[in-house]
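Each chain gets a letter, A, B and so on, in the order its sequence line appears, and its residues count up from 1. Side chains included, hydrogens not; waters and symmetry mates left out as well; all remaining heavy atoms used.
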2 protein chains.
Amino acid sequence: MARLSDIIENFIKDMIEETDGEVEIQRNELASYFNCVPSQINYVIATRFNSERGYFVESKRGGGGHITISRMSTDKPYDYFMHIILSMGDEISQHSADIYIENFIDLNIISESDKKLLKAAVNDNSLKSIPVFLRDRVRADILKNMLMKIII
Amino acid sequence: MARLSDIIENFIKDMIEETDGEVEIQRNELASYFNCVPSQINYVIATRFNSERGYFVESKRGGGGHITISRMSTDKPYDYFMHIILSMGDEISQHSADIYIENFIDLNIISESDKKLLKAAVNDNSLKSIPVFLRDRVRADILKNMLMKIII
DNA sequence: TATAATAAAGTCAGAGAAAGTCAAAGGTGA
DNA sequence: TCACCTTTGACTTTCTCTGACTTTATTATA
């Protein structure tokens, strides 16, 4: 029994397919097309088009507002990256972040310029305001988030 | 879905482009060209051409009045970056960070790949483990740290 | 030379448009 | 039955557009 959310999910996926990876929708328009409340569109997006599933979403409110959903590319580097990212664990020290980053350079997966920014983002200077007990967790979040964006 | 404000924004940006960084407009004339009230021009200027976005604006009222919009010079990227970084303050919202980053793209001083990484590093998803009251401070630290690395 | 008329631009609050949030209620499958 | 999805809708936030009113500068006139 396909639920409405599944139907909307597939509808959006078809649109993304047709438009080559990125689609712009109007929340209210889509909701009225499916005869549901607008917030159901948010539910579908939150549960089906989040970054764990390889999508990212931007939106704008007000007149002319819209929601843009993009799919990350699904070629091999993507799978490889995802594997590494998923294996990373929830906390990473500055030292081991540096090792990961150097490794990516060795493997030719990221550019020197990416490396500079990755290191700048996750070094202790950037994170100096965060209580120490939280720092390695935030570092892991940032590093993973950035790596995910590299493969988009 | 481009709103009138977006259209006016692009119109002004094209003019700035053609005139190499500075343009002088008549508010009423522009408003009647676009069939809108004059104060909409103020709205566009306030939201699209503020200093956060790398512009500054001067004007004069009365007969022969006008509005002059200038884009900050990017001849010396180092100076420009330093200026922006120094003007940033100790706390930055995600929205405001995005505006800074988009502006760097508009002015061609960072690459698309830099943009992706900057945005990924400072979005709320990366910083979700940080208590909200600290988040904007950490975001500012990370953004500044990364920008500094770009100019080195 | 004062003063009045005119010609700009500035301000601000309100209406309207669109998306976001969140908790409560309703289903469903193991 | 019970935990976990889905669905709903009231309320919130953000962005855009408008118009009445204000301020400032220039020009014409007494």
Rounded to whole Å, please give me the gap between [atom1] in [X] and [atom2] in [N].
X	N	atom1	atom2	value
A:Asn42	C:dC22	CG	C1'	11 Å
A:Glu58	C:dA18	CD	C1'	17 Å
B:Ile7	D:dT16	CD1	P	12 Å
B:His95	C:dG20	NE2	P	14 Å
A:Ile45	C:dA19	CD1	P	9 Å
B:Leu30	C:dG10	CG	C1'	16 Å
A:Arg48	D:dT6	CZ	C1'	8 Å

Any A:Ser59 side-chain nitrogen or oxygen under 4.0 Å from OP1 or OP2 of C:dA18: no

Give me, pair by pair, the N or O atoms of the protein and of nucleotides 7-9 of chain D that are less than 3.5 Å apart, along with how far apart they are.
{"residue": "D:dT7", "atom": "OP1", "partner": "A:Leu4", "partner atom": "N", "Å": "3.1"}
{"residue": "D:dT7", "atom": "OP2", "partner": "A:Ser5", "partner atom": "N", "Å": "3.0"}
{"residue": "D:dT7", "atom": "OP2", "partner": "A:Ser5", "partner atom": "OG", "Å": "2.5"}
{"residue": "D:dT7", "atom": "OP2", "partner": "A:Gln40", "partner atom": "NE2", "Å": "2.2"}
{"residue": "D:dT7", "atom": "O5'", "partner": "A:Gln40", "partner atom": "NE2", "Å": "3.1"}
{"residue": "D:dT8", "atom": "OP2", "partner": "A:Gln40", "partner atom": "OE1", "Å": "3.3"}
{"residue": "D:dG9", "atom": "N7", "partner": "A:Ser39", "partner atom": "OG", "Å": "3.2"}
{"residue": "D:dG9", "atom": "O6", "partner": "A:Ser39", "partner atom": "OG", "Å": "2.6"}

Would you say the side chains of [X] and [Y] form a donor-acceptor pair under 3.5 Å?
X	Y	value
A:Ser111	A:Asp114	yes
B:Gln40	B:Ser5	yes
B:Ser96	B:Glu52	yes

Hydrophobic cluster partners of A:Ile99 (side-chain heavy atoms under 4.5 Å): none

Contacts of type side-chain hydrogen bond (donor to acceptor under 3.5 Å, both in side chains), residue A:Asn145, not counting sequence neighbours: B:Asn123, B:Ser126

Within residues 122-131 of chain B: residues closer than 4.0 Å to DNA chain C (heavy atoms): none

At a cut-off of 3.5 Å, list every protein nitrogen or oxygen paired with a nitrogen or oxygen from nucleotides 4-8 of chain C, distance to 0.1 Å.
{"residue": "C:dA8", "atom": "O4'", "partner": "B:Gly62", "partner atom": "O", "Å": "3.4"}
{"residue": "C:dA8", "atom": "N3", "partner": "B:Gly62", "partner atom": "N", "Å": "3.1"}

Heavy-atom pair of closest approach, residues A:Glu9 and A:Phe49: O-CZ, 3.6 Å

Same apolar cluster (I L V M F W Y, side chains within < 4.5 Å links), B:Ile67/B:Met72: no

Ring-face cation contact, A:Phe56 with A:Lys149, 6.0 Å cut, 45° max: yes

Sugar-phosphate only, base, or nothing, as touched by A:Ile67 at under 4.0 Å among non-hydrogen atoms: sugar-phosphate

Partner of A:Ile12 by side chain to side chain contact (heavy atoms under 4.5 Å, CB included), out of A:Asp14, A:Ile16, A:Asn10: A:Ile16

With sequence neighbours excluded, residues passing ring-ring contact (aromatic ring centres under 6.0 Å, His included) with A:Phe34: A:Phe11

Residue A:Glu17 excluded, over 12 heavy atoms near CD under 6.0 Å: no

